[in-house]
Amino acid sequence: MKFAILFVMLTTGQIFGSEYSQSAKLSLNLKNASVKEIFVAIEDQSEFKFLYHDALLDGEIQRDVKFEDQTLEEILDHLFTKSKNT
């Protein structure tokens, strides 16, 4: 019975978390920012948290970013699509 209650609570949390991630709008305006700094800015204005290995982001190209009322998916798509093409 305890397992069933735990499962229901976790599932409910996932549903609400998924809804938040699709509806949350963020605005960023950073000059010469690294990916780490962009992640920190996103974490500061939302409930999102990023986990990554520092060595993967060391030496990343710094860039200017400006987003107004964009979802996290739109921001990350733009950042990482742009970095693949440059």
Side-chain angles (χ1 to χ4, degrees):
M1 183 66 173
K2 291 180 183 178
F3 180 72
I5 292 171
L6 178 63
F7 180 74
V8 169
M9 289 173 57
L10 290 174
T11 304
T12 304
Q14 287 291 334
I15 291 170
F16 289 118
S18 177
E19 182 179 319
Y20 173 77
S21 69
Q22 293 175 3
S23 64
K25 300 286 186 175
L26 305 170
S27 295
L28 300 174
N29 188 6
L30 303 168
K31 301 281 186 203
N32 203 24
S34 68
V35 174
K36 289 180 192 179
E37 293 169 327
I38 295 168
F39 285 171
V40 169
I42 292 170
E43 289 175 345
D44 286 347
Q45 49 175 299
S46 70
E47 295 179 17
F48 298 113
K49 300 293 179 206
F50 294 94
L51 298 174
Y52 53 87
H53 193 285
D54 282 336
L56 294 174
L57 298 180
D58 283 344
E60 270 291 314
I61 299 171
Q62 295 190 335
R63 61 186 66 120
D64 296 341
V65 293
K66 184 171 182 165
F67 298 100
E68 292 292 328
D69 294 325
Q70 300 289 312
T71 64
L72 179 64
E73 180 180 7
E74 293 168 329
I75 292 170
L76 295 178
D77 280 347
H78 178 78
L79 288 175
F80 292 110
T81 301
K82 184 176 182 181
S83 66
K84 286 180 188 175
N85 295 334
T86 58

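- We find the CZ-CG distance between Phe50 and Leu76 to be 5.0 Å, quoted to the nearest 0.5 Å.
- The two residues Ser27 and Gln45 have their closest heavy-atom pair at O-NE2, 2.6 Å.
- Taken to the nearest 0.5 Å, the CD1 atom of Ile75 stands 5.0 Å off from the CD1 atom of Ile42.
- For Glu37 against Asn32, the heavy-atom pair with the smallest separation is OE1-O, 3.8 Å.
- To the nearest 0.5 Å, atoms CG (Leu26) and CG (Asp44) are separated by 11.0 Å.
- Smallest separation of non-hydrogen atoms from Tyr52 and Lys36: OH-CG, 3.7 Å.
- Scanning all heavy atoms of the two residues, the minimum distance from Val35 to Arg63 falls at CG2-NH1, 4.3 Å.
- Looking only at distances, a side-chain donor or acceptor of Gln70 sits under 3.5 Å from a matching main-chain atom of Glu68.
- One hydrophobic cluster, built from ILVMFWY side chains closer than 4.5 Å, holds both Phe80 and Val65.
- Atom CD1 of Ile38 and atom CD of Gln62 lie 9.0 Å apart (nearest 0.5 Å).
- In this structure, the separation between NZ on Lys66 and CG on Leu30 is 11.5 Å, given to the nearest 0.5 Å.
- Aromatic ring orientation, His78 versus Phe67: perpendicular (interplanar angle above 60°, classes split at 30° and 60°).
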